[in-house]
Amino acid sequence: MLSVKQDLLVALAATLDTLSSGTAARAAFESPKVAAHGDFACTAAMQLAKPLKLNPRQLAETLRSALLATPAFQRWVSDIEIAGPGFINIRLRPAAKQEVVREVLAAGARFGFAPERGEKVLVEFVSANPTGPLHVGHGRQAALGDALCHLFATQGWSVHREFYYNDAGVQIQTLTHSTQLRAKGFQPGDSCWPTDPENPASKAFYNGDYIQDIANDFLAKKTVKADDREFTASGDVDDVESIRQFAVAYLRNEQDKDLQAFNLKFDEYYLESSLYTSGRVEATVQRLIANGHTYEQDGALWLRSTDYGDDKDRVMRKQDGSYTYFVPDVAYHIAKWERGFTKVVNIQGTDHHGTIARVRAGLQAADVGIPQGYPDYVLHTMVRVVKGGEEVKISKRAGSYVTLRDLIEWTSKDAVRFFLLSRKPDTEYTFDVDLAVAQNNDNPVYYVQYAHARICSVLTAWGGDVTGLKNADLSALEGPQAQALMLQLAKYPEMLTAATEGEAPHDVTFYLRDLAASYHSYYDAERILVDDEAVKRARLALVAATAQVLHNGLAVLGVSAPRRM
């Protein structure tokens, strides 16, 4: 139906140009808010009435007559109705809707894909410092980032997945200190290990059981290997550098296991420390100074970020000579730009909201050609986990939060991905473990996957060659449920485009639930494996196309499409 819609848009554009030359009227269709009103809606008459000084309803009638005289509308449209002050509601012939079945079966896994655009996009996500297991918040980032990468790929972008983390700094010192104490035989609760939340010193320790695991393997002089590093422990409890290197490699390996359980891989791991060792941070600071966008005050170096819309100027270099955390962020994003990434998306928690203005201000002040609004940010809230009707707040292994691997083990990779993507990222979300394992229609991932499996069982029972259905006569697909299902299939490409432009993977989950509902309605209304061969092949072609789109949409989310359930 993509070709049908394009034919109709071309005819609409030509007609508008004839009736309203010089008004720059745009040819566009909308989906009617009420399905009974038609298949496409057009508001051109109301938009043009004022510049043309005509009554909008009369203009709509004129436009209706002109459109119905065009070959494209004669071929694909059964009627055009005028409603209200000048709405134009278009009803398609069944043959027009049937075209989408051929398009899906011909394109297969590439249905809805746009041509290659020759541009690169970098999506940075998860980016967890190696100080503990990945928690459910990281899981939300992982699901969002991977789905966004898939969406960008459907729209012709060359996609680069990047994981940024710090292998030094205060948090790594805390990890090292905690591991060293465990290796020396101390435990949380000992006098040297304060756990009182009111005691600031307690923040200098990590208490989870995983710290003891690291210490034990360090003493055993084990070798750990992660995607981006490998290290062998010295076993010497006084060798602080060896403890640090081993602990970082150990937890990077743990994170890799979490990501593998989530079926996720990155193209590159980028170290914050490399920004210092390569001289990028110092070069960025010197550039900002040379450009006249800094000043000294109270022994600190400040960025005039208010010149670029920030609510106040920001400290870059503190009195002790260390840099505030947004400075390496600016250097990092200049590096992204210089690596050829014209579009960059960062996925972070909503607690990072304050960094947006200052990073963008720093990039503009650096004056290296980066456009305003670079990079994009997708911010997400944390996730509450409920199990057995009660909130689960901690993991014994992590010590203070539910880990991503806990969630996967309690439910499944598919459920975690689908559930964490089923709401807008910046809305609060409660993950219901019991719902995620329920095998009923209340469980959204089960509902969608069951629709796919249900179709596969029909195709298996038929036993024929699905590829041969591309040439089936589809004229029998005239029932209301069949036409509704075909219209739903036709929405998929535009949904992908809109979800990508809006950086909104949740739109895919909404679409899949609607498509599954439309299929279930069709299945309940019409028997597929009937005796009439022509009718049977037409219906099989429709459900095969539906299975393909369900499969494609689930793949965007990183969720499997099982053939049996």
Would you confirm whether [X], through its side chain, and [Y], through its main-chain N or O, come within 3.5 Å as a donor-acceptor pair?
| X | Y | answer |
| --- | --- | --- |
| His520 | Ala517 | no |
| Ser518 | Asp514 | no |
| Ser127 | Tyr164 | yes |
| Glu162 | Val123 | no |
| Tyr519 | Val448 | no |

**OP:** Sort out for me which residue in Ile347, Val344, Asn346 forms a side-chain contact (heavy atoms from CB on, under 4.5 Å) with Glu124.
**Re:** Asn346

Subject >> Reference residue His150; test side-chain contact (heavy atoms from CB on, under 4.5 Å); the match among Thr154, Leu148, Asp146 >> reply: Asp146

Which class fits the ring pair [X] and [Y]: parallel under 30°, tilted 30 to 60°, perpendicular over 60°?
| X | Y | answer |
| --- | --- | --- |
| Tyr450 | Tyr446 | parallel |
| Tyr269 | Phe163 | tilted |
| Tyr511 | Tyr492 | tilted |

Euclidean distance, [Y] [atom2] relative to [X] [atom1], rounded to 0.5 Å:
| X | Y | atom1 | atom2 | answer |
| --- | --- | --- | --- | --- |
| Ser422 | Leu512 | OG | CG | 12.0 Å |
| Leu12 | Thr70 | CG | OG1 | 9.0 Å |
| Asp228 | Gln255 | CG | CD | 9.0 Å |

Do the charged groups of [X] and [Y] touch, with an N to O distance under 4.0 Å?
| X | Y | result |
| --- | --- | --- |
| Glu99 | Arg93 | no |
| Glu428 | Arg423 | no |
| Asp434 | Lys387 | no |
| Glu254 | Arg405 | yes |
| Asp406 | Lys393 | no |

Would [X] and [Y] count as a cation-pi pair here, with the cationic atom under 6.0 angstrom from the ring centre and within 45° of the axis?
| X | Y | result |
| --- | --- | --- |
| Lys413 | Phe262 | no |
| Arg252 | Tyr165 | yes |
| Arg539 | Tyr522 | no |

Subject >> Atom CZ of Arg563 with >12 non-hydrogen neighbours under 6.0 angstrom >> reply: no

Original post:
For Asp532, does the CG atom sit with more than 12 other heavy atoms under 6.0 Å from it, leaving out its own atoms?
Top reply: yes

Among all residues two or more places apart in sequence or in another chain, which pass the salt bridge (charged side-chain N to carboxylate O under 4.0 Å, His left out) test with [X]?
| X | result |
| --- | --- |
| Glu533 | Lys536 |
| Asp39 | Lys97 |
| Glu119 | Arg117 |

Original post:
Does anything in residues 372-386 pair up under side-chain hydrogen bond (donor to acceptor under 3.5 Å, both in side chains), and if so which pairs, sequence neighbours excluded?
Top reply: Arg140-Thr381, Gln141-His380, Lys343-Asp376, Arg384-Glu391, Arg384-Thr430

Original post:
Are Leu489 and Leu515 close enough that some pair of their side-chain heavy atoms sits under 4.5 Å apart?
Top reply: yes

**OP:** Decide yes or no for Val543 and Trp462: does some side-chain heavy atom of the first lie under 4.5 Å from some side-chain heavy atom of the second?
**Re:** no

Original post:
So, for Gly156 and Glu116, which heavy atoms are closest and what is the spacing to 0.1 Å?
Top reply: O-OE1, 3.4 Å

Original post:
Do you know the tightest heavy-atom contact between Ala541 and Leu474?
Top reply: CB-CD2, 3.8 Å

Subject >> Of all pairs that satisfy ring pair (Phe, Tyr, Trp, His ring centres under 6.0 Å), the ones with a partner from residues 35-84, not counting sequence neighbours >> reply: Phe29-Phe40

Original post:
Between Phe418 and Leu420, does a side chain to side chain contact (heavy atoms under 4.5 Å, CB included) hold up when you go through it step by step?
Top reply: CA-CA 6 Å; Phe418 197 101; Leu420 293 180; over 6 Å; no

Original post:
Who pairs with Ser3 by side chain to side chain donor-acceptor pair (under 3.5 Å), at least two apart in sequence or on another chain?
Top reply: Glu103

